[in-house]
Structures are given as C-alpha cells and as structure tokens.
Amino acid sequence: MTMTPTAPARPAKTRPAIVEGICVALFWLSSLLAAPSYAAERSQVSAFLEVTGFDVAIASIAQSAGDAPGMLGAEASDFGLAWERLASDVFDPEKMQDMAVDILEQTLSRDALLHAAEFYASDLGQRLVEAENISHQREEGESRREIGEDMVAEMQATGDPRISLFHRMNTAIGGTDSALRAVQEIQFRFLMAASAAGLVEMQFDADGLRAMMKAQEDEMRRAMNASNLAHSAYTYRDFSVDELRDYVAALEDPVMQEVYALLNAVQYEIQANRFEELAHRMRGLQPVQEL
C-alpha cells in the first residue's frame with residue numbers, strides 16, 4: 001500500500017518472509033469472509049496491515065526522525081550520543097504499529113477492511129505490496145530518485161500513458177495538497193512542542209509560524225509533485241500499463257477511497273504524535289538555540 005512519507009527502520013522483507021506473513025494474514029482474511037458483519041477485531045486489523053503493507057508504511061515513519069534536527073537548524077550529531085537511543089525509542093516500530101491498530105480497531109469497518117484486503121491479497125496486489133514495501137527503504141534513496149526522474153523525462157518525451165496513471169494514482173491516495181497539509185501540520189506541532197520544551201526560541205507566535213509555512217507552499221508543492229512522480233516511475237517500473245490501470249481503478253473505488261482517507265489520517269497522526277514526543281524528550285540534549 002503506497003503511503004506518504006518515509007522508510008522502515010526494520011530490514012526489508014525477503015520473499016520468504018513476505019510469503020510467510022501473507023499466509024498468516026490470509027488465514028484471518030478467510031475468517032472475515034465467513035464472519036458476520038461487525039467492526040474489525042484487533043487480530044484482523046493486524047492481518048490487514050500485513051496484507052496491505054501498511055505495517056511497513058507505519059514502521060517507515062521511524063526514518064523521518066532524522067529530519068527533526070534539521071527543523072531546529074541542527075544536525076543529529078549536535079544532540080550527542082543519546083540521540084540515536086532516544087529516536088529509536090520514540091519511533092519504535094512495534095509501538096507505532098500498536099498505535100495504528102488501536103485507532104483502526106475503533107474506526108475501520110469490517111466491510112472496508114475486507115474490500116481493501118481482498119485486492120491486496122490478489123496476485124497483482126501482493127506484487128504491488130512487495131514493490132511498495134521496498135520503496136519505503138531510504139537507503140540509496142537519492143539514486144532511486146535520480147533514476148526515477150530520468151524515467152519520467154523519457155516517459156514525457158514519448159507520451160507514455162504511465163504519466164497520467166501516476167497522476168491519477170497520486171490523487172486517488174490522497175493527493176499532493178493533502179500530503180502538503182499533513183507535512184505542514186507535523187512540522188508545526190513539532191516546532192511548537194520544541195518551543196514549549198525550550199529547545200528553540202521562537203521569533204514569532206503560532207499564527208506567524210503558519211503564515212511562514214503558507215508562504216512556502218508553492219515551492220513545497222512543486223517539489224512534492226516532482227518527487228511523487230519520480231517515486232512512482234521507479235517503484236512501478238516492472239508493472240505493465242494494463243496492470244497500472246487496474247491498480248488505479250481499484251484505488252479510485254469509493255470504498256478504497258474511504259480506506260485510504262482513514263489510513264492517511266492514521267499515519268499522519270502517528271507521525272505528528274511521535275514528533276511531539278520527540279521534542280518533549282529532547283529537552284536537555286543541547287543548549288537552547290534561536291530559530
């Protein structure tokens with residue numbers, strides 16, 4: 001399941017691990033098919049995360065911890081040896097997955113869960129999940145982006161229909177504007193928490209911070225659009241045009257739209273929550289700096 005942003009703290013799954021995990025998840029999927037309609041149970045939500053790859057998307061939030069020092073005008077090394085231990089604890093993958101399951105257990109309907117799980121449990125769905133899980137890895141991310149950008153340039157030059165499919169895919173999973181607002185909110189909550197913790201001395205109030213972010217929107221939107229396109233070109237390079245059309249059609253289904261709206265909200269809330277927690281616990285790691 002392709003989600004925005006970042007890469008798993010745990011090692012990428014190998015093919016045997018994927019198969020083993022899917023077998024367990026499909027067992028629970030079969031139990032859903034035979035069960036009466038009710039809200040999804042915790043074990044079924046966990047299986048759903050495995051089938052769709054959302055578990056890896058959630059674990060990938062840990063990679064974004066490295067962005068926190070930059071928001072404070074610093075580097076991770078500025079916080080001393082305790083930084084890695086602190087970031088690892090705050091962004092613990094199991095802790096974040098428990099948070100996701102807690103929320104989804106209360107909000108994800110059985111029917112919506114089953115609809116999405118059935119698609120992602122298909123042969124095409126599992127190939128997509130494998131490709132998307134690998135794409136969350138940050139290692140060699142720059143080289144992947146460069147390759148993706150070259151692929152996009154070639155597609156645009158030849159009128160490749162994949163370009164329009166990638167745009168539709170991005171819209172179907174939430175769109176750039178939604179992702180942009182989420183990134184702004186995560187940054188805002190982190191900086192406000194950092195200010196409250198005494199990590200930075202803010203030169204402006206909350207309204208001023210939002211105004212500054214608003215002024216940067218156009219540049220951020222252009223960068224995110226280009227990044228999303230290059231990411232899609234590289235991630236789905238081994239899929240045919242017909243397979244991508246089938247995927248986009250599945251993503252545009254109203255029930256899948258409902259699922260993605262919820263999953264995006266869950267992912268962004270967990271990321272914002274973890275950044276706030278990180279700011280609170282960074283108190284004392286470095287002298288106060290002016291932002």
Residues [X] and [Y]: side-chain donor-acceptor under 3.5 angstrom:
X    : Y    : value
S64  : Q271 : yes
E132 : Y236 : yes
T176 : N170 : yes

I want to check something: taking the side chain as every heavy atom from C-beta on, are [X] and [Y] in contact at a cut-off of under 4.5 Å?
X    : Y    : answer
M282 : L72  : yes
V241 : L165 : yes
R110 : Q44  : no

Is [Y] paired with [X] through a side-chain N to carboxylate O contact shorter than 4.0 Å?
X    : Y    : result
R245 : D242 : yes
R145 : E149 : yes
K95  : E277 : no
D238 : R127 : no

Item to check | Nearest heavy atoms of D55 and Q97, plus distance in Å | outcome: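 Heavy-atom minimum between the residues: CB-OE1, 3.3 Å.
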Item to check | Geometric cation-pi criterion R189 and F275, 6.0 Å radius, 45° cone | outcome: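 No, R189 does not lie over the aromatic ring of F275.
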Checklist entry - Is the distance between the ring centroids of F239 and Y247 less than 6.0 Å? => result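 Aromatic pair excluded; centres sit 6.0 Å or further apart.
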Item to check | E154 atom CD, neighbour heavy-atom count above 12 within 6.0 Å | outcome: no
